[in-house]
Structures are given as C-alpha cells and as structure tokens.
Amino acid sequence: MNDYTLKQLVDKNFDYYKNGEVANYIPALAEVSPKQLGIAVYDLTSNELMKAGDVDVRFAIESMSKVPVLLLAIKDCGIKKVFETINTEPTGFAFNSIMNMEINHRKHPMNPFVNAGAIATTSLISGKDANEKFERILSFMKQICDDTDITLNKEIYLSESKTGDINRSLAYYMKGNQMIDEEVSETLETYFKQCSVNVTATGIAKLAAVLANKGIAPWNNQRIISEESATIVKSIMTTAGLYDESGEFSVHVGVPAKSGVGGGLMAAIPNSYGIGVFSPALDKFGNSAAGIQLLKDTVQELDADIFQ
Ligand code: DON
C-alpha cells in the first residue's frame, strides 16, 4: 500500500456520497459540501502516514469525540467508576434513542457511544466548571491527535446547542433517575462543545494509531493512555461504534471503528494501523456513506480484517 494505491481507492469510492445526505438536524452541518472524501492511514510497522483525498480538511468531530472523552474519563475516574456508571452493551437502537433506559428500565445508559452514555461519560470529566472541563478535553484531543490546531467551531457549537433538545431530554431523564450527577446544564454545554471541535482525517488516524498501538503514541513512543483502556475502547468500538449498523459493519469491514455525523470514521486495527476517513454524506444510520465503502476497500487492500 502507498499513497498512489490509496488515491485509486478514493477515486473508486468517491461517488458513494450520492447514497447519503449530510446531517441536517444540526443546521451548521447541513452547509458542508457532500463532495469530499479523504483517508489517512498510519502504518505502525513502517511508522509512516499515508494520505489521499481530503485528509487535511477540517470537519466536526461529533460522535468520534466520544472516544477521547471516554479515555479521559477513565484517566480521571478509573475504569471501575466509569463502567459502574455506563454499561458496555450494544443497543440495536438509534444513537439518540431513550428506548433501553425507558422500556427496559435500564439503570445505566447502554454504552459510552450512544448519546445518553456519552453524556454520562462527559459528566465524569474533572474540572471546576464547564469551561475547565472542555479545556481539559480540548487539550487531551490535541495531544492524542498530535494536532495543536484543533479548535472549537463556535458556529457548530451554537447550532448543536440550539437544536440539542433530544440530548437535553436524555440528560434530564438520566438526572431524574439518579443516573448522572446534578450538573446537567454544565455537562450538556461540555458535550455540545466536545462534538463541535474541528479535526482532520490525519489527526483522527493518529488518535486511532494510539489505540491500535496499545496506548503509546507511535510518533514519539510516549504512552498517552493505559494498555487496558485502549483494549476496552477498541472492544466497545467493535460492538457499538457504528450504533445499529455495528453488526453489519463488523461483518463487512471487520475492524474496531467509530463514526461521527460530521462524516468522520476512525478505525483502530490492533498492532497494525490507525485510520481516519472523512466524507460528510451519511447513510440512514448516521454513518459516512462513502467513508464506509472506502474503509472497507482499504481494510481489504491492507489485508487487515481482524476477524479473518
Ligand atoms: O449529539 C449529537 O446528536 C451529535 N452532536 C453527535 C451525534 C453523532 O455524531 C452520531 N454519529 N454518527
């Protein structure tokens, strides 16, 4: 695999954007051009980054933020506390569903990647107020993506906050059932901000490379997270990273991954590769339409399906 092969895969899969639509429930995301596709692959063996297409375009991290925030919550509170608060089961429901908590009387959100579980995860981040919590998240994202230019996209943040009533209902439902602490409005502000951070496919590939490399940043050999937390997060990515499309994705692509409605996809292939993909048009589950196809071809080309 080299940049040229990767570029051929981008060209081959570009038109799949026509099978999706950009997210429109967050107005600022609806303005993004769907005609973009890019991929960055960090190869742990050669310690090289391969790139093709729109890899350095900034886009909203959205639900992919749930990965670094979960890692930071584990650093802040420990594995035991985090998973006493949030379960690790796949849901079979949409990412913003309340169904399992309400109908099945679950005492905890189902997993850290559905919105309810992600909001509960954010509530565990240390900091005296929403501002300090968000600043800690931002500086952790900069470190783990090896990207000092990551910033809050204020327009997206305002758009998230303005249209975030389903997230508010999930958060207040959890508070009303003593599933999360009292500071709901601060937690929601922090959650909306963590989703509105501008990243690139290159930075996401580096984050995924840390997960793939058992918690050590391959570009400087420094440990950023524990090996155990890297293993746990990759496992939850496998069972719940693409919500109610996780099973199909696992069968057809076969690697731990996490999506975001900004059009991002990250894939962490243990001991081999960290991959970041960007293409904003989404399928009906809220996952990047062309991104999934490109990732599938890339994993095949790399012969990196972990279940084969
Ligand atoms: O909270 C939300 O609904 C969005 N900020 C993030 C959702 C998301 O990215 C789902 N992923 N595919």
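From a predicted model like this one, the values you see are computed outputs, not experimental measurements. Whatever order the structure lists them in is the order used to number ligands and atoms, beginning at 1.
In this structure, Phe192 has its ring center no closer than 6.0 Å to that of Tyr157. Between Tyr243 and Phe285, the gap from one ring centroid to the other reaches at least 6.0 Å.
Contact annotation for Asn115 and ligand 1: only side-chain heavy atoms (C-beta onward) come within less than 4.0 Å of the ligand. Contacts with ligand 1 closer than 4.0 Å are made by side-chain heavy atoms of Glu160 only, the backbone lying farther away. With a 4.0 Å cut-off on non-hydrogen atoms, Asn167 touches ligand 1 through its side chain and not its backbone.
Listed by atom number, the atoms of ligand 1 under 4.0 Å from Ser259 heavy atoms are 12 (N). For ligand 1 and Tyr191, the ligand atoms under 4.0 Å from any heavy atom of the residue are 1 (O), 2 (C). Near Cys195, with a cut-off below 4.0 Å to any heavy atom, the atoms of ligand 1 are 5 (N). Proximity to Tyr25 (heavy-atom distance under 4.0 Å) selects the following atoms of ligand 1: 2 (C), 3 (O), 4 (C), 6 (C), 7 (C).
Shown are Ile216, Leu211, Val210; of these, the side-chain contact (heavy atoms from CB on, under 4.5 Å) with Asn213 is made only by Ile216. Of the candidates Asn13, Val277, Leu282, Asp283, Ile292 forms a side-chain contact (heavy atoms from CB on, under 4.5 Å) with just one, namely Asp283. For the side-chain contact (heavy atoms from CB on, under 4.5 Å) criterion with Leu302, the lone passing option out of Ile275, Asp297, Thr5 is Ile275.
Distances from ligand 1 to the non-hydrogen atoms of Phe192 include no value under 4.0 Å.
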Could you walk me through whether Lys66 and Asn115 pass the side-chain hydrogen bond (donor to acceptor under 3.5 Å, both in side chains) check?
CA-CA 9 Å; Lys66 295 166 182 175; Asn115 286 9; 2.6 Å; yes

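Between the choices Glu62, Lys66, Met64, the shortest heavy-atom distance to atom 6 (C) of ligand 1 belongs to Glu62. Among Phe95, Phe113, Tyr157, Tyr243, the residue whose heavy atom lies closest to atom 11 (N) of ligand 1 is Tyr243.
The shortest N/O to N/O separation between Val261 and ligand 1 falls below 3.5 Å.
Ranking protein heavy atoms by distance to atom 12 (N) of ligand 1, first place goes to Gly286 O, 3.1 Å. If you check which protein heavy atom lies closest to atom 9 (O) of ligand 1, you get Ser63 OG, 2.6 Å.
In this structure, Lys258 is positioned above the aromatic face of Phe113, its NZ or CZ under 6.0 Å from the six-membered ring centre and within 45° of the axis.
Looking only at side-chain heavy atoms (C-beta outward), Glu189 and Phe134 stay at 4.5 Å or farther from each other.
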